[in-house]
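Questions regarding the structure given below will be posed in turn.
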Amino acid sequence: MLKIYNTLSGKKEIFKPIEEGKVGMYVCGNTVYDFCHIGHARAMISFDVISRFIRHLGYELNYVRNITDVDDKIIKRAEENNESTQALTERMIAAQREDELRLGNKMPDREPKATEFMQEIIDMVQILLDKGFAYQGSSGDVYYRANAFKDYGKLNNRKLEDMLAGARIDVETAKEHPADFVLWKQAKVGEVAWPSPWGLGRPGWHIECSAMSTNCLGSHFDIHGGGPDLKFPHHENEIAQSEAATGKDYVNYWMHCGAVRVNNEKMSKSLGNFFTVRDVLEKYNAEVIRYLMVSSQYRSPIDYSDQSLNEAKVGLERLYTALRQQSIAESYQATEYTQRFEEAMSDDFNTPVAVSVLFELVRELNKAKTEAPAKAEALAAELKTLAELLGLLHQAPEYFLQNSTLSEGLDEKAIQALIDERTQARKDKNFARSDEIRDELAAQGIELLDSREGTTWTRS
RNA sequence: GGCCGGAUGGCAGAGUGGUCAUGCAGCGGACUGCAACUCCGUGAACGCCGGUUCGAUUCCGACUCCGGCCUCCA
């Protein structure tokens, strides 16, 4: 029995798909004008793990995640770079894909782009106009009439009147009401634009998601997800548009992941305190980032720092060490670990508990290594299978532990030569020389591990 | 001002009305030439004040502090 925390109700609810055995999930993707930062990584990884587990439960999942490739920020950035918006977005989409694959995500089933759904967007705007939920302002822009939708604010527990008290909403004279938002925006000269009944222009930010989600998954679907900063206004506006246009319930379960923080502040573009995925990958194996994300529950805020990354690295090393030089059974009988893992994941995707089960499994695996090799092989297989659901432990243990992604430092040949020399010294009981070599390597971040089978090493 | 979260051992991070989280770090031991890895054992926590209860870290209320949203942001 899967339970999911629903932002709409503020509670964990038992998950029940609209159609037996099938799940439709739409996740808001990125606006592609810059490289992904760690906050984007968290959202992408969270919903990747969620999608894996939904499939693991046997559901036929259709996972759709959009790409926003038309937007004010894109136009601005392209101008600054002196390139076309298309060149910019194509570059960023490729970069995002590369980052994501390195982070170990599986791609969504479909990644619709806003520019590919222009007709559907225009159709939806027209329907909203026809039904009286939209109007064309004096500027020529088409706006959504927020107070025409009686449930406006239901996702965020907000009332239109209360929002006015905030008084931070710019009063655009073209709007009837400050909370109204743009559906279709008139193009300025030279801006990328599409023809529409209201002239050359482009869609507002929110309408594209309503149009794409309802066209890809139907007007009523199971799960809609996104980052924490999308709750308002983006998702609120999506609900308003979609439900007004279709006259049906839009989404059953709204899911939002928690923020990534830096020094106790949200990591965000506007604060400028963000780290891009590719920056971090210069210093850390991509799986360390993934482990960091998965080691707390997807809704909790997570703190980003060198310290938290280092702690993630150490934890992951323990997991990989258990698989080092360990053969893996081709099949195995699932044990209580699988059951506990699944129970944890079924409780609103409780990955930290799932990870703790992995550690307990590892302890038993390490114990079994000497006394019960067959059991060890089976447990290793079970470990790999469970970790795979989190997207972890897919690398060769030696590869991960020797940190082969880093180019700096001694190469493997030099390390091996020193290890061979040390092995000889140990045979000769020349421990002074042996320790000297070990210290020398340690100074370069290479740790040695002696065992009956020989000496292995780990780069820290 | 409105709405929503959170406060757990040295750190990270789950969870529960009465008994174990887990990882890192610490301490003691085994293993080792010495280490490392690993294993065994071990100390350590539930912001503050009331209430409900036989019993509350867990439920309820007030308070303090922290974060998020209310403007583009995953």
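Sequence lines set the chain letters: A, B, ... in the order given, protein chains first and strands last, and positions in each chain run from 1. Computed from a predicted structure; not experimentally measured.
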Taking the side chain as every heavy atom from C-beta outward, state whether A:Val192 and A:Ile75 have any pair of such atoms under 4.5 Å apart.
yes
Between B:C72, B:G13, B:G67, spot the one nearest the side chain of A:Arg261, thanks.
B:G67
Run the salt bridge (Lys or Arg N to Asp or Glu O under 4.0 Å) test against A:Asp99 and tell me which residues pass, sequence neighbours left out.
A:Arg278
C1' gap between B:G9 and B:G68, integer Å
27 Å
Per the atom types in the model, does the base of B:A35 pair as donor or acceptor with the side chain of A:Arg438 at under 3.5 Å?
yes
Taking the C1' atom of each, how far is B:U38 from B:G55, in whole Å?
42 Å
For the C1' atoms, the ones on B:U32 and on B:C37, what distance do you get once it is rounded to whole angstrom?
11 Å
Is there a donor and acceptor pair closer than 3.5 Å between the side chain of A:Arg318 and the base of B:C37?
no
Does the base of B:G5 carry an N or O that pairs as donor and acceptor with the side chain of A:Arg299 under 3.5 Å?
no
Criterion side chain to side chain donor-acceptor pair (under 3.5 Å) on A:Asp279 and A:Thr276, from CA distance to verdict
CA-CA 5 Å; A:Asp279 285 344; A:Thr276 67; 3.1 Å; yes
Considering just the side-chain nitrogens and oxygens of A:Trp457, establish if one lies under 4.0 Å of OP1 or OP2 belonging to B:C37.
no
Could you work out the separation of B:C46 and B:U57 based on their P atoms and round it to a whole Å?
8 Å
Between B:A21, B:C34, B:A74, spot the one nearest the side chain of A:His40, thanks.
B:A74
Can you figure out which of B:A12, B:C73, B:G68 approaches the side chain of A:Trp205 most closely?
B:C73
Report yes or no: is the cationic atom of A:Arg299 (NZ for Lys, CZ for Arg) under 6.0 Å from the centre of the six-membered ring of A:Tyr5, at an angle within 45° of the ring normal?
yes
Atom P, compared across B:A35 and B:C27: separation rounded to whole Å
14 Å
Taking CD1 from A:Ile74 and P from B:C73, how many angstroms apart are they, rounded to a whole number?
11 Å
A:Lys269 NZ/CZ over A:Tyr33 ring centroid, <6.0 Å and within 45° of normal:
yes
A:Tyr143 and A:Phe181: ring-ring contact (aromatic ring centres under 6.0 Å, His included), yes or no, with the steps?
CA-CA 5 Å; A:Tyr143 293 101; A:Phe181 52 92; 8.9 Å; no
Show me the dot-bracket string of RNA chain B, counting Watson-Crick or G-U pairs under 3.5 Å, with | for pairs to another strand and [ ] for crossing ones.
(((((((..(((.....[...))).(((((.......)))))....(.(((..]....))).))))))))....
